[in-house]
Protein chains: 2
Amino acid sequence: MATLKQIADLTKVSVSTVSKVLNGKGKVSEKKRREILKVAKELGYTPDFHARTMAKRTQITTVGLIVPDIINPFFARLTRGVEKACGEDSLVILMDSFRDLHREEMLIRNARFFGVGGIIIGNSRVSDDLVLEVSSYIPVVVFDKDYDHENVVSIVLDNFYGAYSATKHLIENGCSNIVHLGGTYELYVSLQRLEGYRAAMKEFNLKAIAYPVGYDEDKGYQKMKEILSSGQRVDGVFCMNDLVAVGALKAVREFSLRVPEDIAIVGFDDDEQLCEVVSPSLSSVHQPVEEMGEVSAKLLFELIKGNKKIKRYIFSPQLVVRQSSSKRKE
Amino acid sequence: MATLKQIADLTKVSVSTVSKVLNGKGKVSEKKRREILKVAKELGYTPDFHARTMAKRTQITTVGLIVPDIINPFFARLTRGVEKACGEDSLVILMDSFRDLHREEMLIRNARFFGVGGIIIGNSRVSDDLVLEVSSYIPVVVFDKDYDHENVVSIVLDNFYGAYSATKHLIENGCSNIVHLGGTYELYVSLQRLEGYRAAMKEFNLKAIAYPVGYDEDKGYQKMKEILSSGQRVDGVFCMNDLVAVGALKAVREFSLRVPEDIAIVGFDDDEQLCEVVSPSLSSVHQPVEEMGEVSAKLLFELIKGNKKIKRYIFSPQLVVRQSSSKRKE
DNA sequence: CTGAAAGCGCTAACAC
DNA sequence: GTGTTAGCGCTTTCAG
């Protein structure tokens with residue numbers, strides 16, 4: 001790597017003169033300037049990033065974004081949002097844990113050695129201790145869970161409301177035997193959605209029937225098949241996420257039942273790529289993921305700047321009605 | 001930010017002693033060591049990344065990964081691969097151009113000021129001039145196109161072969177009136193796939209009928225509807241990508257034709273999330289994207305290390321047969 | 001054991 | 001106009 005000094009030696013001037021020319025500052029004779037520019041180009045000179053940020057006061061802040069799985073559209077969208085919030089003067093260092101919790105903790109713990117100004121943890125499963133530990137060194141943004149530490153802000157989605165409105169929608173569209181295919185209950189998010197579902201059912205004096213199912217298509221498929229085989233009366237299904245819903249949809253079709261006429265289905269997350277491709281298209285509770293990513297980055301910048309006022313930011317999900325649950329008023 | 005000097009002052013020792021303790025090097029009296037560790041923790045000391053990389057010889061190499069759209073599963077997978085290749089000692093700076101060519105060029109041009117060791121350009125539309133310009137400063141890995149410059153290596157997929165084998169597969173499964181819904185022909189990739197299709201058709205003395213259609217679902221849907229409305233005989237469709245194929249599938253279903261019995265369909269890219277969710281599931285030509293990402297990172301590291309021997313790396317796609325084109329032998 | 005000193009590459013006063 | 005100097009925060013000889 002070419003350095004200022006090399007250029008200086010080659011052109012018989014001082015380092016500072018070279019620096020001036022290359023940065024277009026101060027006055028330098030046209031002759032030297034030409035010579036310097038020429039040599040710099042020949043050498044393919046590129047200023048050393050680290051040296052420069054050390055010498056200057058003004059740093060480019062880099063944010064460490066830790067996701068469990070960049071292939072998952074949810075996190076890809078989140079990433080997009082974060083990227084958007086980083087204008088010209090911030091960089092995103094992406095760290096994928098490949099769904100390995102151990103690796104994830106390692107990444108979080110090491111992040112501070114990589115010169116990031118702060119980190120965004122796009123996952124709700126991190127241990128509280130780790131968050132607290134890391135936040136004593138650098139600002140942290142986390143999702144889905146509140147922390148009362150001055151270097152941490154959390155972004156939460158109103159899962160309760162999302163589940164509530166999805167369930168209510170099913171009810172208002174004529175369903176009365178609505179089951180909930182939920183996530184495993186050790187996850188906070190799953191519990192909140194379960195509660196939202198229950199609240200809506202209770203409000204209309206309907207019996208809540210919920211199963212902890214899981215998070216992928218097959219889980220939804222298997223459980224739904226089981227339910228239908230058992231002869232249990234069902235005319236509506238509210239699912240933990242879109243994948244589970246797609247699985248349920250598959251099972252319903254196998255039983256030659258119509259969606260939404262016989263059974264209406266609503267998912268959660270609103271992965272458009274998925275919801276609009278299946279037929280009938282799937283109604284789902286939309287999370288403003290991209291916006292959430294954008295806001296998390298902005299809040300991180302605030303934290304880095306020293307603004308300690310913000311503790312959390314709540315987003316409201318919104319139901320997107322598609323074919324799988326509409327026109328069902330009887 | 002706490003510095004070594006602050007700790008040194010507070011503990012009445014020299015900077016170098018503090019450095020030794022914090023790095024576990026050299027011999028330091030137990031008493032001082034304790035004191036230093038204690039103060040360091042209190043201050044929430046974190047070594048300055050830039051200062052450290054400057055002082056040490058051993059740098060963490062960071063790779064700049066430029067993608068047009070991280071939400072697109074193709075690029076998400078590519079990113080995954082790159083991440084995988086970066087072990088403990090490399091970081092990925094992700095830069096999303098949001099499909100804005102102008103922004104993309106800006107990102108590529110600026111990358112070198114961010115201290116990256118090299119960049120991977122996950123897009124085939126960049127201008128040759130830009131690639132050449134940037135590669136005079138830092139190593140570059142590009143896709144789909146060859147360059148004869150010592151600081152550039154390219155990763156290419158054998159699109160011709162992929163298209164050829166997909167088409168041949170359709171023929172061998174009993175199709176003879178096979179149309180190709182292709183991409184726009186200004187894209188190199190589209191042309192290669194078109195040629196592969198043609199080659200296979202020619203080999204079996206069948207008439208090639210190809211249309212430049214585009215890249216999204218709606219394009220495939222519209223064109224297929226048009227074709228079916230026209231009464232043209234069709235029993236097989238080979239599409240530019242999976243989205244187009246899904247669109248075509250939709251159109252075929254609307255005409256109450258069976259897939260694959262009446263019309264078999266094959267896509268390209270093998271986006272599993274998509275292919276396995278539609279029904280019937282979609283056959284597709286698989287690109288080993290993740291592996292491509294991994295290899296591109298590895299080659300970039302070679303380039304950075306000074307290995308100038310590798311110029312390009314070719315990947316072979318592989319057909320994945322699913323319901324939309326199978327069991328059709330008559 | 002401990003610390004002074006040099007230096008990584010660059011910037012920014014401040015002299016000349 | 002141009003060069004000297006003093007750091008930025010850290011690591012690493014090398015004396016003591």
Side-chain angles (χ1 to χ4, degrees), chain A residues 1-40 43-62 89 110 112-117 137-138, chain B residues 1-37 39-41 43-62 89 110 112-117 137-138:
Chain A
M1 279 287 85
T3 67
L4 282 194
K5 180 147 196 338
Q6 288 176 30
I7 301 177
D9 291 350
L10 251 38
T11 54
K12 315 272 188 216
V13 296
S14 77
V15 180
S16 72
T17 301
V18 180
S19 173
K20 279 180 191 116
V21 171
L22 264 26
N23 290 295
K25 298 190 175 176
K27 313 265 107 194
V28 179
S29 74
E30 197 49 33
K31 184 180 163 175
K32 299 204 170 188
R33 129 176 265 97
R34 273 197 160 54
E35 176 69 0
I36 289 170
L37 252 19
K38 178 163 158 282
V39 174
L43 263 46
Y45 171 81
T46 285
D48 183 290
F49 174 63
H50 304 294
R52 179 172 268 184
T53 59
M54 279 209 66
K56 285 179 116 128
R57 310 192 120 300
T58 161
Q59 282 206 202
I60 283 204
T61 72
T62 71
D89 50 348
N110 285 349
R112 69 187 179 106
F113 299 119
F114 298 149
V116 300
Y137 300 112
I138 47 177
Chain B
M1 278 285 85
T3 68
L4 282 193
K5 182 149 196 336
Q6 287 175 31
I7 300 177
D9 291 348
L10 250 36
T11 55
K12 314 274 188 214
V13 296
S14 76
V15 178
S16 72
T17 301
V18 179
S19 174
K20 277 180 194 117
V21 171
L22 265 24
N23 290 297
K25 298 190 174 174
K27 311 267 107 194
V28 179
S29 74
E30 197 50 33
K31 185 181 160 167
K32 298 203 172 189
R33 131 177 263 97
R34 273 193 162 52
E35 176 69 2
I36 289 170
L37 252 20
V39 174
K41 170 156 281 184
L43 263 47
Y45 171 80
T46 286
D48 183 288
F49 175 64
H50 304 294
R52 180 172 265 184
T53 59
M54 277 208 68
K56 287 179 114 126
R57 310 190 119 300
T58 161
Q59 281 206 201
I60 283 204
T61 71
T62 71
D89 49 347
N110 285 348
R112 69 187 180 104
F113 299 119
F114 298 149
V116 300
Y137 300 112
I138 48 177

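Computed from heavy atoms alone, side chains included, the values below leave out hydrogens, waters and symmetry copies. Each chain gets a letter, A, B and so on, in the order the sequences are listed, and its residues count up from 1.
- For B:P47, whose side chain is taken as the heavy atoms from C-beta onward, the closest listed nucleotide among C:dC10, C:dC8, D:dC10 is D:dC10.
- Nearest-nucleotide assignment on DNA chain C puts the 5′-proximal partner with B:G26, out of B:G26 and A:V15.
- Atom CE of B:M1 is separated from atom P of D:dC10 by 10 Å (rounded to the nearest Å).
- Within the structure, every side-chain polar atom (N or O) of B:S29 is placed at least 4.0 Å from both OP1 and OP2 of C:dC1.
- Residue contacts shown for A:Y45 are limited to sugar-phosphate atoms, with no base heavy atom under 4.0 Å away.
- The phosphate of C:dT2 (OP1 or OP2) has no side-chain N or O of B:S14 nearer than 4.0 angstrom.
- Side-chain contact between B:L37 and B:L22: present, with at least one pair of heavy atoms (C-beta onward) separated by less than 4.5 Å.
- Among the atoms of the strands shown, base atoms are found under 4.0 Å from some heavy atom of A:K27.
- Atoms CZ (B:F49) and C1' (D:dT11) sit 15 Å apart, rounded to a whole Å.
- Within the 4.5 Å cutoff, the side chain of B:V28 has no heavy atoms near those of the B:V13 side chain.
- Taking side-chain N and O atoms only, A:K56 has no distance below 4.0 Å to OP1 or OP2 of C:dC10.
- Checking D:dC8, D:dC10, D:dT12 against the side-chain heavy atoms of B:T3 singles out D:dC10 as nearest.
- We find that CG of A:L22 is positioned 13 Å from P of C:dA12, with the value rounded to whole Å.
- A straight line from NZ of A:K32 to C1' of D:dG1 spans 8 Å, rounded to a whole angstrom.
- Salt-bridge annotation for A:K5 and A:D9: present, with a side-chain N of the basic residue lying under 4.0 Å from a carboxylate O of the acidic one.
- Across C:dG3, D:dC10, C:dG9, the shortest atom-to-atom separation from the side chain of B:T17 is found for C:dG3.
- Rounded to an integer number of Å, the gap from CG of B:D48 to P of C:dC8 is 18 Å.
- Taking the six-membered ring where the residue is Trp, A:H50 and B:F49 present perpendicular rings, their angle passing 60° and hence far from 30°.
- Salt bridge status for B:E35 with B:K31: absent, with no side-chain N to carboxylate O gap under 4.0 Å.
- The base of D:dT5 is not paired with the side chain of A:S16 by any donor and acceptor separated by under 3.5 Å.
- Distances shown here put every side-chain N or O of B:K5 at or beyond 4.0 Å from the OP1 or OP2 atom of D:dC10.
- Side-chain atoms of B:K20 and base atoms of C:dG3 include a donor and an acceptor less than 3.5 Å apart.
- Side-chain nitrogen and oxygen atoms of B:R52 include none within less than 4.0 Å of the OP1 or OP2 phosphate oxygen of D:dG9.
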